[in-house]
4 protein chains.
Amino acid sequence: MTQLKQGKPVRGTGVREAAAQATRDSILRAATKVFARYGYDGGSVEKISQTAKTYDRMIYYYFGNKEGLFIAVLEDIYQRMDDAEAKFAPDPSDPVEALKTVVRFKVAYYRKNPDFITLLNTENLHKGKHVSKSPRAREFSAQAVTLIADILAVGAERGLFRSDLDARDVYLLIVSMSYFYTSNRYTMSAFLGEALDGAEAVARWEAVVIDCILRTVRVDAPSR
Amino acid sequence: MTQLKQGKPVRGTGVREAAAQATRDSILRAATKVFARYGYDGGSVEKISQTAKTYDRMIYYYFGNKEGLFIAVLEDIYQRMDDAEAKFAPDPSDPVEALKTVVRFKVAYYRKNPDFITLLNTENLHKGKHVSKSPRAREFSAQAVTLIADILAVGAERGLFRSDLDARDVYLLIVSMSYFYTSNRYTMSAFLGEALDGAEAVARWEAVVIDCILRTVRVDAPSR
Amino acid sequence: MTQLKQGKPVRGTGVREAAAQATRDSILRAATKVFARYGYDGGSVEKISQTAKTYDRMIYYYFGNKEGLFIAVLEDIYQRMDDAEAKFAPDPSDPVEALKTVVRFKVAYYRKNPDFITLLNTENLHKGKHVSKSPRAREFSAQAVTLIADILAVGAERGLFRSDLDARDVYLLIVSMSYFYTSNRYTMSAFLGEALDGAEAVARWEAVVIDCILRTVRVDAPSR
Amino acid sequence: MTQLKQGKPVRGTGVREAAAQATRDSILRAATKVFARYGYDGGSVEKISQTAKTYDRMIYYYFGNKEGLFIAVLEDIYQRMDDAEAKFAPDPSDPVEALKTVVRFKVAYYRKNPDFITLLNTENLHKGKHVSKSPRAREFSAQAVTLIADILAVGAERGLFRSDLDARDVYLLIVSMSYFYTSNRYTMSAFLGEALDGAEAVARWEAVVIDCILRTVRVDAPSR
DNA sequence: TATGAATGAGCGTTCATTCAT
DNA sequence: CATGAATGAACGCTCATTCAT
């Protein structure tokens with residue numbers, strides 16, 4: 001379809017509205033789980049309604065259609081990621097430690113939220129067509145980039161970090177390394193012949209990433 | 001019905017065998033395209049048979065079932081990647097240049113073969129269940145890792161590179177940055193509000209990655 | 001999709017429930033006819049839905065799957081046989097006449113309900129696997145055997161019948177002769193070279209069976 | 001189809017003809033097993049060719065098509081039954097013992113050859129359409145009836161048996177009771193709530209049938 | 001607001017059969 | 001004589017979605 005149908009938001013604060021909100025939430029949670037596990041095409045409306053212990057019809061009532069539901073799921077996981085990022089908020093005044101914290105947060109977040117990854121991969125498979133239909137999804141954008149920029153600025157000011165860095169690049173470097181490691185753990189484990197998802201292996205990777213990032217941002221030692 | 005059970009290769013060199021091989025190949029090519037575009041569930045047998053200009057029935061004839069076809073596709077793209085990697089073969093005797101070449105190759109390969117990426121993401125969505133059923137897929141493994149190891153060894157010997165590095169880690173760093181940039185270009189472009197897939201943007205990213213990798217592997221300049 | 005999982009009965013008495021019941025009934029009737037005529041494998045879901053003037057989909061809606069529908073058909077024909085048997089109810093006080101009535105009923109019932117026979121044969125081809133899945137099918141059991149027992153008891157009491165008879169055996173004898181004659185009429189007619197299904201031939205067979213049964217249950221005339 | 005295609009019979013006695021005959025026989029044996037187990041529609045050409053360890057194509061080569069193969073199977077089992085019946089050949093000079101032997105043979109034959117029963121039931125499901133296309137199937141006919149006639153004649157001559165009996169009726173009575181017991185053992189076991197196929201239960205039933213038949217054919221004791 | 005009933009297209013797969021050597 | 005390749009219809013079943021209350 002081309003025209004996006006909208007489901008009704010739940011309004012009001014009465015008892016019935018609360019019940020309705022509960023139904024809506026339970027559908028959203030179920031859809032997140034099902035889409036994350038089976039992808040967009042593999043995640044059927046029936047699987048979702050059963051997981052949510054409600055009826056197919058309710059999905060159409062609240063979200064218009066399957067696509068509308070998927071968009072709502074994307075908006076929701078972006079929102080939750082944004083909230084989590086705002087919450088952990090490292091202090092830029094110690095730029096080295098702050099950068100380490102950012103990496104640790106990213107590695108941990110992807111590892112603990114594999115749904116986030118498979119949903120984003122699913123969306124990329126569809127060339128971002130759902131995100132592009134969501135006005136809300138565009139709002140989030142890069143508070144994380146701003147944070148990196150702050151850290152880099154403090155670091156540069158103190159002569160610790162290079163001053164020719166683009167915060168966006170550093171952000172992308174951190175995200176790449178953190179995301180890919182979880183995202184491709186199954187094929188990579190098979191390819192390398194060793195498991196990547198043990199706690200020990202993850203800790204090791206975290207150290208590698210921190211080392212890599214710090215070496216990248218630090219000023220070159222003055223050559224003699 | 002049909003006498004084949006599994007996706008046996010076509011044997012013989014006569015005219016009919018050649019025609020049969022052509023049919024088989026055309027199915028494999030079509031399946032690669034369709035699975036890469038629509039994912040496993042979204043890639044229907046009918047879409048594939050129509051793209052290959054043959055009949056659904058032939059897919060079962062040559063590949064047993066949909067899953068067998070998907071496995072064959074995975075084996076094929078791994079094989080082609082392996083071949084390409086063997087072919088580009090940079091000389092480790094100039095380790096800095098060799099590392100740069102590896103990065104350039106990886107960035108370019110993923111960019112030119114987005115099918116490879118969506119197929120691998122699809123397989124990761126399914127937790128690697130198809131790869132685990134393929135004996136051939138296990139054979140490829142890491143000639144690339146060996147190459148990196150060679151480069152790092154020469155570099156360390158000459159006092160250019162650190163000697164405490166694990167080739168696997170460096171390999172993973174390079175792959176992460178190269179893969180992720182293409183893999184998540186749609187959601188990242190939306191998130192950052194700027195296009196990532198232009199030639200210029202890619203060249204820029206390639207430079208960032210090369211810089212990052214070299215800084216990571218180089219020995220620390222002796223502090224005075 | 002559809003909310004029902006198994007063949008729930010239709011509840012309620014409103015207009016819509018009545019329409020739903022009509023749909024369900026029409027599927028059941030059509031399935032009885034089609035399965036009886038073509039067997040389980042030969043009786044396709046499409047043939048049934050077309051006969052019932054509805055959609056394939058509705059079969060899954062009301063009966064879960066093809067097997068569920070077949071089980072429902074078996075339960076239904078057993079139920080109808082049970083009802084018919086309860087209804088004809090001969091008076092055991094005239095045991096000879098009662099036995100004759102039982103035979104006449106059996107011969108007539110199988111003749112008038114060839115569907116019952118082909119469905120049972122189909123189920124025996126499948127080694128009773130569907131009946132074994134039906135809780136309801138087990139309930140019916142042998143009210144007919146009880147009736148035979150009553151008749152034999154009265155007959156024995158009056159010195160007409162033997163007292164060493166097992167009602168179950170007599171029941172099986174009657175059923176064998178009645179059932180087989182209709183069940184195997186096509187191969188038997190070909191084998192014997194004469195038609196068995198004319199009204200006259202059936203009447204003749206009925207007499208043979210009655211004679212056979214009565215001679216079997218009667219006390220031996222006291223030899224002098 | 002309406003026109004019966006014929007497969008080629010195997011001619012000659014050379015080595016290659018023997019191999020061909022072996023292939024043909026193995027298909028026939030496999031088809032008997034498969035049709036007996038799954039029915040006509042449920043018994044696919046593939047199942048048969050695999051069981052026979054040959055190729056689908058061979059079935060068409062030797063038997064024309066699926067229907068031709070089924071007809072060949074029917075002819076074969078009729079032939080084998082006829083041979084077995086000719087072989088056991090009881091002596092009519094002791095008519096009581098001969099009748100008992102006939103019953104024992106019938107009960108045993110059906111029990112040991114359930115394939116015969118399911119194939120005949122399958123053919124009856126199809127209203128005898130295949131038998132009617134077989135010229136050979138008509139030849140067998142009732143040597144068994146003739147045997148019964150002989151036995152009854154001797155018995156009547158000696159004043160042991162009634163003289164108003166039709167051999168065909170007695171034959172049908174014996175066959176009914178023997179055939180039905182095995183034919184409907186699954187549904188009947190479920191219905192009666194007791195297993196019918198144990199050796200003991202079968203022996204018991206054999207005795208019941210013998211008793212029933214003898215009482216039916218014996219002359220009435222002269223009433224005083 | 002919630003729910004049972006209906007709809008028709010499409011799914012992966014198997015069918016019996018024929019075409020070519 | 002045997003066999004690999006091809007064919008198109010049909011199979012049981014699930015899909016996302018809409019109609020009615």
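Lettering follows sequence order; numbering is per chain, from 1.
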Q: Tell me which residues in residues 38-49 of chain C put a heavy atom below 4.0 Å from DNA chain F, sorted by number, or none.
A: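 C:G43, C:S44, C:V45, C:E46 - these, ordered by number, are the residues of the stretch whose heavy atoms sit under 4.0 Å from the strand.
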Please give, in whole Å, the distance from [N] [atom2] to [X] [atom1]?
X	N	atom1	atom2	result
A:Y62	F:dT17	OH	P	19 Å
A:Q21	E:dT1	CD	P	13 Å
D:I59	F:dC1	CD1	C1'	16 Å
B:K53	F:dT7	NZ	P	14 Å
B:N65	E:dC11	CG	P	17 Å
D:Q50	E:dT14	CD	P	11 Å
A:E67	F:dA16	CD	P	13 Å
B:R24	F:dA6	CZ	P	12 Å

Q | Nearest atoms (heavy-atom pairs only) where C:I48 meets C:G43 | A |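 Looking at all heavy atoms of both residues, the closest pair is CD1-O, 4.3 Å.
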(Q) Testing the basics here: between B:K33 and B:D115, what is the closest heavy-atom pair and its distance to 0.1 Å? (A)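 Smallest heavy-atom distance, with atoms named: CA-OD2, 4.2 Å.
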(Q) A cation-pi test, strictly: NZ or CZ of A:K66 under 6.0 Å from the centre of the six-membered ring of A:Y40 and no more than 45 degrees from its axis. Yes or no? (A)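 Yes.
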Q: Would you mind pulling out the nucleotide paired to F:dT21, Watson-Crick or G-U wobble, both distances under 3.5 Å?
A: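 The base-pairing partner of F:dT21, which may sit in any strand shown, is E:dA2.
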Measuring from the side chain of [X] (C-beta onward, heavy atoms only), which nucleotide among [options] has the closest atom?
X	options	answer
A:Y60	F:dG12, F:dT18, E:dT13	F:dT18
C:R57	E:dT7, E:dA6, E:dT13	E:dT7
C:M58	F:dC13, E:dA16, E:dA6	E:dA6
D:K66	E:dA2, F:dA16, E:dT17	E:dT17
A:D56	F:dA2, E:dA5, F:dT17	F:dT17
A:Y55	E:dG8, F:dC1, E:dT3	E:dT3

Q: Could you point out which residue of B:K127, B:H130, B:K129 forms a side chain to side chain contact (heavy atoms under 4.5 Å, CB included) with A:Y186?
A: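 Of B:K127, B:H130, B:K129, side chain to side chain contact (heavy atoms under 4.5 Å, CB included) with A:Y186 is met by B:K127 alone.
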**Q.** Single hit among B:T122, B:L69, B:D41 for side chain to side chain contact (heavy atoms under 4.5 Å, CB included) with B:F35
**A.**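 Result: among B:T122, B:L69, B:D41, B:L69 is the only option passing the side chain to side chain contact (heavy atoms under 4.5 Å, CB included) with B:F35.
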Q | B:S134 versus B:E75, side-chain donor and acceptor atoms under 3.5 Å | A |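 The criterion, which ignores hydrogens and geometry beyond distance, is satisfied for B:S134 and B:E75.
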Q.
Could you work out, with side-chain hydrogen bond (donor to acceptor under 3.5 Å, both in side chains) as the rule, every residue matching B:T23, not counting sequence neighbours?
A.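 In terms of side-chain hydrogen bond (donor to acceptor under 3.5 Å, both in side chains), with neighbours along the sequence ignored, B:T23 is linked to no residue.
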Q. So what does C:T23 hit on the nucleic acid, given a heavy-atom distance under 4.0 Å: a base, only sugar-phosphate, or nothing?
A.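 Sugar-phosphate only.
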